[in-house]
Enquirer: 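One structure is given below, represented as structure tokens, and several questions about it will come after.
As the structure lists them, so they are numbered: ligands from 1, and atoms in each ligand from 1. The figures that follow rest on heavy atoms only: side chains count, while hydrogens, waters and symmetry mates do not.
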Amino acid sequence: MNVIQWAMSKLPAYPRGKSVFKKYKALDFDFVPEKLPHRDSQQKRLFTIFGPIVDSNVSQNAFITGPTGSGKTVLSKKFCMDFQELARKGGKNVQFVLVNCRQRNTENAVMLRVLSHFQPHFPDRGFSINEMMESLRKVLEKEKAHLIVVLDEVDVLLKKTGSSDIIYHFSRFNEEGIEPKKLLSLILISQKNIYEMMDSPSLSTFKRGNIIKLDKYLRNELLAILSQRIELAFHPDAVELRVDELIADIASELGDARYAIEILEKAGMLADENKEGQVSFEHVRAAKAEIYSTVTESKLADLDKNRKLILIAISRCLKKNAYTTTGDVEKMYAVICEEHEEKKLGHTQFWKYIRGLDDIGIIQAKKSSKGLVGTTTLISLPDIPAKVLEEKLMDML
Ligand SMILES: Nc1ncnc2c1ncn2[C@@H]1O[C@H](COP(=O)(O)OP(=O)(O)OP(=O)(O)O)[C@@H](O)[C@H]1O
Ligand SMILES: [Mg+2]
């Protein structure tokens, strides 16, 4: 008996009812579906921008931007796969490499990833960026290939390295000689405006017109995405009617397709865990609660002490009420600062922090309708119970 068999024999047997899943993989973040509902026009736009690579000697670049879960990564992958196929039919060798700059956040690591597409054993040290660029040029010339480099979450790289040299190098990347061939094109992806983070030489080489802006998904768009995944990943009838609508309702607040698919996946797992054979509304609600808590926890962990104290004040004010006011929160915050022997923020700063917490979605702040004392700002917690939030924060402090 090997170690794994031994470990398995110690574990309770996996409950083996009929699973609701037909193809679990179709819910994976890396999965690229055949069609991307509601991203047709953006795909066409990319084809228009990059089309000339196939029949003329050019290189192109584009910038894809939009909020979390709006499909930036999957759109770029799908486009590259389809474009490669189209180019192949036209007799042109197009290759692409997608680099996630959160995982590879130095220029060296990015270059290594790109090179390893062609030379899997390229040594991971001892070469300068220029030497690596040179190697890449040689490979592309040898293979008569045009390479599309996709730098996903590129803001992380720009921020970490504090320079945009690599974009400058990539967008000037040509074959040498009298009639140089254009060998490389670039797609940059970021939620943030990267133009503000680029220095002028890089900006001058980067075509700024080719921006593709994705909006957050509307409810009916999420519904189409969910229906597709249900059909791909689940057995027929394994998902109760209108479960997709409930998930679309929940996720449309953020317009985030990842969140929608995550709820669907988690709900399916809960149905399997309880051996119920069908995903129900209750599974969706439970899935939502579980996912929300992991999302909030990571958001909370990022907050500094003052923001945590303000949130504790908000939770205390909200224990018995649906809404509280900034005035009440500020008073409670003063008390809590004393409890924690922390110097309290001034009024203006306090306000700024409240707005910041609203921006990241932990609290909801909205103006009340005008009453006797003029307008006031009402604060609520969209999902997490106040008691739970306070406990989590106290643990963290
Ligand atoms: N139009 C669509 N059709 C089908 N699936 C989609 C669509 N848009 C997004 N998805 C799916 O939703 C999830 C999130 O999409 P994606 O990873 O592309 O978002 P993103 O914009 O890159 O988000 P982030 O900024 O957080 O990286 C993925 O599983 C993706 O396959
Ligand atoms: Mg992404």
Side-chain angles (χ1 to χ4, degrees), residues 21 23-47 62-82 96-105 110 113 148-159 186-194 197 211-234 244 247-248 250-269 287 291-292 294-296 298-299 302 359-361:
F21 297 111
K23 183 173 161 190
Y24 187 73
K25 224 178 74 197
L27 297 170
D28 203 274
F29 291 146
D30 291 331
F31 180 80
V32 182
E34 266 304 303
K35 284 209 159 36
L36 299 179
H38 299 284
R39 286 295 177 248
D40 273 351
S41 66
Q42 292 86 349
Q43 265 172 289
K44 281 202 193 110
R45 178 93 199 285
L46 283 166
F47 270 98
F63 172 41
I64 305 178
T65 184
T68 300
S70 57
K72 299 181 293 299
T73 303
V74 75
L75 172 69
S76 70
K77 278 191 202 165
K78 182 79 184 120
F79 163 72
C80 285
M81 288 156 74
D82 291 351
F96 68 91
V97 183
L98 188 136
V99 188
N100 183 295
C101 302
R102 186 175 298 281
Q103 286 155 13
R104 293 163 206 273
N105 57 18
V110 170
R113 171 77 188 85
I148 302 178
V149 175
V150 184
L151 298 180
D152 198 358
E153 305 194 49
V154 67
D155 51 291
V156 180
L157 178 74
L158 295 178
K159 204 167 143 205
L186 200 55
I187 296 179
L188 303 182
I189 302 179
S190 169
Q191 289 183 12
K192 302 203 175 96
N193 178 357
I194 46 161
M197 304 166 93
I211 303 183
I212 293 167
K213 201 174 163 305
L214 306 184
D215 290 323
K216 40 189 228 176
Y217 287 111
L218 302 173
R219 182 185 182 279
N220 70 313
E221 298 174 333
L222 289 170
L223 202 54
I225 293 170
L226 283 163
S227 310
Q228 179 195 49
R229 295 297 166 120
I230 289 174
E231 204 177 315
L232 287 167
F234 290 84
D244 52 350
I247 301 177
I250 295 169
S252 58
E253 208 177 296
L254 299 169
D256 174 347
R258 180 180 301 118
Y259 183 44
I261 296 172
E262 229 175 295
I263 295 177
L264 178 65
E265 177 193 351
K266 185 81 212 170
M269 283 163 70
I291 292 167
Y292 190 82
T294 55
V295 173
T296 351
S298 66
K299 277 187 194 162
D302 288 344
D359 284 344
I360 54 178

Enquirer: Determine whether the side chain, the backbone, both or neither of R229 has a heavy atom under 4.0 Å from any heavy atom of ligand 1.
Expert: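 Side chain only.
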Enquirer: Has the side chain of K72 got a donor or acceptor atom that lies under 3.5 Å from a matching backbone atom of L214?
Expert: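 Looks like no, no N/O pair under 3.5 Å.
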Enquirer: Indicate yes or no: does an N/O atom of H38 lie under 3.5 Å from an N/O atom of ligand 1?
Expert: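 H38 vs ligand 1: no N/O contact under 3.5 Å.
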Enquirer: Working to the nearest 0.5 Å, report the span between CD of E221 and CZ of R39.
Expert: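 Nearest 0.5 Å value for the CD-CZ distance: 6.5 Å.
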Enquirer: Could you tell me whether some N/O pair between Q228 and ligand 1 is separated by less than 3.5 angstrom?
Expert: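 No, Q228 has no N/O under 3.5 Å of an N/O on ligand 1.
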Enquirer: Mind listing the closest non-hydrogen atom pair of L222 and A257 along with its distance?
Expert: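 Minimum heavy-atom contact is CD2-CA, 3.8 Å.
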Enquirer: Given S190, A224, G71, which one has a non-hydrogen atom that is nearest to atom 16 (P) of ligand 1?
Expert: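 Of the listed residues, G71 has the closest heavy atom.
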Enquirer: Is there any N or O on G66 that sits under 3.5 Å from an N or O of ligand 1?
Expert: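 In this structure, G66 places no N or O atom under 3.5 Å from an N or O of ligand 1.
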Enquirer: Could you tell me which atoms of ligand 1, counted from 1 in the order shown, lie closer than 4.0 angstrom to a heavy atom of I261?
Expert: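 Taking each heavy atom of I261 in turn, ligand 1 has 11 (C), 12 (O), 29 (O) under 4.0 Å.
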Enquirer: Could you tell me the residue and atom name of the protein heavy atom closest to atom 26 (O) of ligand 1, and the distance to it rounded to 0.1 Å?
Expert: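 Answer for atom 26 (O) of ligand 1: R258 NH1, 2.9 Å.
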Enquirer: Of all heavy-atom pairs between K25 and F31, which one has the smallest distance, and what is that distance?
Expert: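 Scanning both residues completely, I find the closest heavy atoms to be O-CB, 3.6 Å.
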Enquirer: Could you tell me whether a side-chain N or O of R45 sits under 3.5 Å from a main-chain N or O of I211, the two making a donor and an acceptor?
Expert: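 Yes; at least one donor-acceptor contact below 3.5 Å.
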Enquirer: Under a 3.5 Å distance rule, please check whether Y217 uses its side chain to pair with a backbone N or O of S70 as donor and acceptor.
Expert: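 It does hold such a pair.
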Enquirer: Can you tell which part of P67 has a heavy atom less than 4.0 Å from ligand 1: side chain, backbone, both or neither?
Expert: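 Backbone only; the side chain of P67 stays clear of ligand 1.
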Enquirer: Distance-only, no hydrogens or angles: does the R229 side chain make a donor-acceptor pair with backbone N or O of L27 under 3.5 Å?
Expert: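 Pair absent, no side-chain N/O of R229 close to backbone of L27.
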Enquirer: Please indicate whether Q191 has more than 12 foreign heavy atoms, meaning atoms of other residues, nucleotides or ligands, lying under 6.0 Å from its CD.
Expert: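 Yes, enclosed.
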Enquirer: Looking at ligand 1, does any of its N/O atoms fall within less than 3.5 Å of an N/O of Q191?
Expert: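 Min N/O separation from ligand 1 is below 3.5 Å for Q191.
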Enquirer: Nearest protein heavy-atom contact for atom 25 (O) of ligand 1: which residue, which atom, what distance?
Expert: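 Sorting protein heavy atoms by distance from atom 25 (O) of ligand 1 puts K72 NZ, 2.6 Å first.
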Enquirer: Check if K77 has a non-hydrogen atom at a distance under 4.0 Å from any atom of ligand 1.
Expert: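 Contact check K77 vs ligand 1: negative.
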Enquirer: Between T73 and the Mg ion (ligand 2), is there a contact where an N/O/S atom of the residue lies under 2.8 Å from the metal?
Expert: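 Checking the Mg ion (ligand 2) against T73, an N, O or S atom does fall under 2.8 Å.
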Enquirer: For atom 22 (O) of ligand 1, what is the nearest protein heavy atom, given as residue, atom name and distance?
Expert: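 For atom 22 (O) of ligand 1, the nearest protein heavy atom is T73 OG1, 2.8 Å.
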Enquirer: Among all the protein's non-hydrogen atoms, which is closest to atom 3 (N) of ligand 1, and how far away is it?
Expert: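 For atom 3 (N) of ligand 1, the nearest protein heavy atom is P37 CD, 3.1 Å.
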Enquirer: How far is atom 12 (O) of ligand 1 from the closest protein heavy atom, and which atom is that?
Expert: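 Heavy-atom neighbour on the protein nearest atom 12 (O) of ligand 1: A257 CB, 3.4 Å.
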Enquirer: What residue among K78, K77, Q228 forms side chain to side chain contact (heavy atoms under 4.5 Å, CB included) with L36?
Expert: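 That would be K78; it is the only one of K78, K77, Q228 passing the side chain to side chain contact (heavy atoms under 4.5 Å, CB included) with L36.
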Enquirer: In terms of heavy-atom contacts, does CZ of R219 have more than 12 from other residues, nucleotides or ligands at under 6.0 Å?
Expert: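 More than 12 within 6.0 Å, yes.
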Enquirer: Any idea which protein heavy atom is nearest atom 7 (C) of ligand 1, and the distance to it?
Expert: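 For atom 7 (C) of ligand 1, the nearest protein heavy atom is Y217 OH, 3.4 Å.
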Enquirer: Is E153 close to ligand 1, meaning an N/O of one under 3.5 Å from an N/O of the other?
Expert: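 It does not: no N or O of E153 is found under 3.5 Å from an N or O of ligand 1.
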Enquirer: Any N or O on G69 sitting closer than 3.5 Å to an N or O of ligand 1?
Expert: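 Yes - when backbone and side-chain N and O of G69 are compared with those of ligand 1, one distance drops under 3.5 Å.
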Enquirer: Under the criterion side chain to side chain donor-acceptor pair (under 3.5 Å), which of D152, T65, D155 is the partner of S190?
Expert: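 Single pass found, and it is D155.
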Enquirer: Test your reading of the structure: does V74 have an N or O sitting under 3.5 Å from an N or O of ligand 1?
Expert: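 For ligand 1, there is an N or O atom that lies under 3.5 Å from one belonging to V74.
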Enquirer: Under a 3.5 Å cutoff, is there a donor and acceptor pairing between the side chains of D256 and T68?
Expert: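 Not at all, the side chains of D256 and T68 share no donor-acceptor pair under 3.5 Å.
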Enquirer: At their closest point, which heavy atom of F47 faces which heavy atom of F79, and how far apart are they?
Expert: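 Of all heavy-atom pairs spanning F47 and F79, the closest is N-CE1, 3.7 Å.
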Enquirer: Can an N or O of R39 be found at a distance shorter than 3.5 Å from an N or O of ligand 1?
Expert: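 Such a contact does not occur with ligand 1.
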Enquirer: When you compare ligand 1 with D28, is there at least one nitrogen or oxygen pair between them that comes in under 3.5 angstrom?
Expert: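 Min N/O separation from ligand 1 is not below 3.5 Å for D28.
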